[in-house]
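Side chains are part of it too, since the values below use all heavy atoms of this structure and drop only hydrogens, waters and symmetry mates. Starting from 1, each residue takes its place in the sequence as its number.
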Amino acid sequence: MQTKQNKVKPLPSKRAARQSARRRQGLLTRIVFGILALGAIVAIFFLLNDGGNSNQQIDGVLAHPGLAREHVNGPVVYDQTPPAGGPHSPAWQNCGVYTETIANENGVHSLEHGAVWITYRQDLSASEIEALQTLTRQSGFRLLSPYSDLPSPIVVSAWGYQLQLEQADDPRLGAFIEQYELNPQGPEPGAPCTGGLGQPG
């Protein structure tokens with residue numbers, strides 16, 4: 001009479017176990033290095049493209065650092081025409097399109113909130129003014145108004161920065177707005193540009 005023998009699966013050898021562990025470790029190492037390499041590529045891309053957010057040089061932009069920002073009552077004498085920041089009224093100018101001049105002190109308060117203020121000479125052509133109006137209405141943080149005695153036909157200002165332009169289709173105008181509208185380096189970017197003074201058109 002033959003007895004059944006239990007067949008026992010042979011245990012893997014220590015050598016096979018070590019090889020399996022090395023394979024798993026090698027795979028894990030390759031995954032980690034792949035992630036690190038991908039991170040490095042992304043970092044290099046953003047450095048080469050200046051992070052997409054850092055200030056890039058726009059030809060002709062004048063910087064005015066260290067501007068005071070206290071609230072004052074009454075008129076203020078500014079160093080720039082129009083002002084690019086400084087002491088200002090407690091009330092801001094509602095953003096939008098104006099066909100009459102506005103007070104410097106209210107416009108500067110809007111700059112403090114991250115607005116871009118586009119000013120133009122009153123003798124600018126109707127087509128140029130219309131182009132500026134269209135551009136201004138594309139965002140709730142843009143302000144447009146005529147301005148007397150400008151140093152150029154168009155001057156665009158943000159808190160601490162300013163650019164003089166000859167015409168509305170200058171590509172630097174769009175670049176300036178893209179860079180400095182709601183500039184995080186400004187005093188109060190994103191504070192309201194409504195609920196203040198004025199009724200823009």
Less than 4.5 Å apart, any side-chain heavy atom of [X] and any of [Y]?
| X | Y | answer |
| --- | --- | --- |
| Thr119 | Trp117 | yes |
| Ile154 | Gln164 | no |
| Leu62 | Tyr161 | no |
| Pro82 | Val155 | yes |
| Glu166 | Ser152 | yes |
| Arg69 | Pro187 | yes |
| Ser89 | His71 | no |
| Val116 | Phe176 | yes |

Do [X] and [Y] share a hydrophobic cluster, counting only Ile, Leu, Val, Met, Phe, Trp and Tyr and linking them when any side-chain heavy atoms are less than 4.5 Å apart?
| X | Y | result |
| --- | --- | --- |
| Ile177 | Leu144 | yes |
| Val156 | Ile58 | yes |
| Trp159 | Leu163 | no |
| Leu173 | Val61 | yes |

Are side-chain N/O atoms of Ser110 and Gln93 paired as donor and acceptor at under 3.5 Å?
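Looking only at side-chain atoms, Gln93 and Ser110 do not form any donor-acceptor pair under 3.5 Å.
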
Side-chain donor-acceptor pair present, Ser139, Glu181, cut-off under 3.5 Å
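Indeed, the side chains of Ser139 and Glu181 share at least one donor-acceptor pair under 3.5 Å.
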
Gap separating the [atom1] atom of [X] from the [atom2] atom of [Y], nearest 0.5 angstrom:
| X | Y | atom1 | atom2 | answer |
| --- | --- | --- | --- | --- |
| His109 | Leu111 | NE2 | CG | 10.0 Å |
| Glu188 | Leu182 | CD | CG | 12.5 Å |
| Tyr120 | Leu165 | OH | CG | 15.0 Å |
| Arg142 | Leu132 | CZ | CG | 11.5 Å |
| Ile118 | Leu135 | CD1 | CG | 5.0 Å |
| Arg121 | Tyr147 | CZ | OH | 13.5 Å |

For [Y], does its backbone N or O pair with a side-chain atom of [X] as donor and acceptor, under 3.5 Å?
| X | Y | answer |
| --- | --- | --- |
| Asn94 | Gln199 | no |
| Glu105 | Val76 | yes |
| Asn104 | Tyr78 | no |
| His88 | Asn106 | no |
| His113 | Pro192 | yes |

Does the side chain to side chain contact (heavy atoms under 4.5 Å, CB included) test come out yes or no for Gln133 and Thr99, once each step is laid out?
CA-CA 10 Å; Gln133 291 175 342; Thr99 56; 4.2 Å; yes

Considering non-hydrogen atoms only, spot the tightest contact between [X] and [Y] and give its length.
| X | Y | value |
| --- | --- | --- |
| Leu124 | Pro153 | CD1-CB, 4.0 Å |
| Val72 | Pro90 | O-CD, 3.4 Å |
| Tyr180 | Ala158 | CB-CB, 3.6 Å |
| Pro200 | Tyr98 | CD-OH, 3.4 Å |
| Cys95 | Gly140 | CB-O, 3.4 Å |
| Val108 | Gly86 | CG1-O, 3.5 Å |

Count the heavy atoms belonging to other residues, nucleotides or ligands that lie under 6.0 Å from CD of Gln167, then report whether that count exceeds 12.
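Result for CD/Gln167: enclosed.
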
So does Glu70 have more than 12 non-hydrogen atoms from other groups sitting under 6.0 Å from CD?
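Counting neighbours around CD of Glu70, more than 12 heavy atoms of other residues, nucleotides or ligands fall under 6.0 Å, so yes.
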
Any carboxylate oxygen within less than 4.0 angstrom of a Lys/Arg side-chain nitrogen, looking at Asp170 and Arg172?
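A salt bridge links Asp170 with Arg172.
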
